[in-house]
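Just the heavy atoms: all of them, side chains too, but no hydrogens, waters or symmetry mates, feed the values below.
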Amino acid sequence: MSDKKRNGFGNLDHILDEYARKERKIMENSCITGDDSGKTDDASFRKQRIMKIISVMTTFSLILGLLVFLVLWLF
């Protein structure tokens, strides 16, 4: 009881301990099984980002090309 008052966390100690225990268990399982799910998530986000950049660049090129065509056609 005095420990809980001293560190100021109150009832959060057991929640933090449970979280640390679950985290440790996940890390042990991923080390044993060789699970690299974090890397696949990063790869999918990277692919989405690249596709979005390509889409924006294509749209920008199309609009710029139309503007250049209009300027050349008018003059």
Side-chain angles (χ1 to χ4, degrees):
M1 186 76 169
S2 63
D3 290 334
K4 290 183 181 179
K5 289 181 182 176
R6 243 185 314 158
N7 63 16
F9 290 119
N11 292 332
L12 295 178
D13 286 339
H14 72 283
I15 296 172
L16 294 173
D17 290 339
E18 183 179 343
Y19 177 78
R21 188 172 42 251
K22 286 181 181 178
E23 177 103 3
R24 203 172 315 115
K25 184 177 179 181
I26 290 171
M27 289 301 294
E28 288 173 358
N29 288 342
S30 67
C31 290
I32 292 170
T33 61
D35 181 24
D36 291 334
S37 60
K39 292 182 180 179
T40 57
D41 290 341
D42 291 341
S44 67
F45 287 127
R46 187 177 306 127
K47 288 178 185 176
Q48 289 176 353
R49 189 175 356 144
I50 290 171
M51 292 304 294
K52 183 162 182 119
I53 290 171
I54 290 172
S55 174
V56 169
M57 288 176 53
T58 304
T59 305
F60 179 72
S61 299
L62 180 64
I63 293 172
L64 186 63
L66 288 173
L67 289 174
V68 168
F69 174 74
L70 287 174
V71 168
L72 291 175
W73 185 59
L74 291 174
F75 294 110

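For Glu23, the side-chain hydrogen bond (donor to acceptor under 3.5 Å, both in side chains) criterion is met by Tyr19, not counting sequence neighbours. For Glu18, the side-chain contact (heavy atoms from CB on, under 4.5 Å) partners are Arg21, Lys22, not counting sequence neighbours.
How far CG of Leu72 is from CG of Leu67: 11.0 Å, rounded to the nearest 0.5 Å. With values rounded to the nearest 0.5 angstrom, Phe69 atom CZ is found 9.0 Å from Leu74 atom CG. Distance CZ/Phe75 to CG/Leu70: 11.0 Å, rounded to 0.5 Å.
Formation of a donor-acceptor pair under 3.5 Å by the Ser55 side chain with backbone atoms of Met51 is not found in this model.
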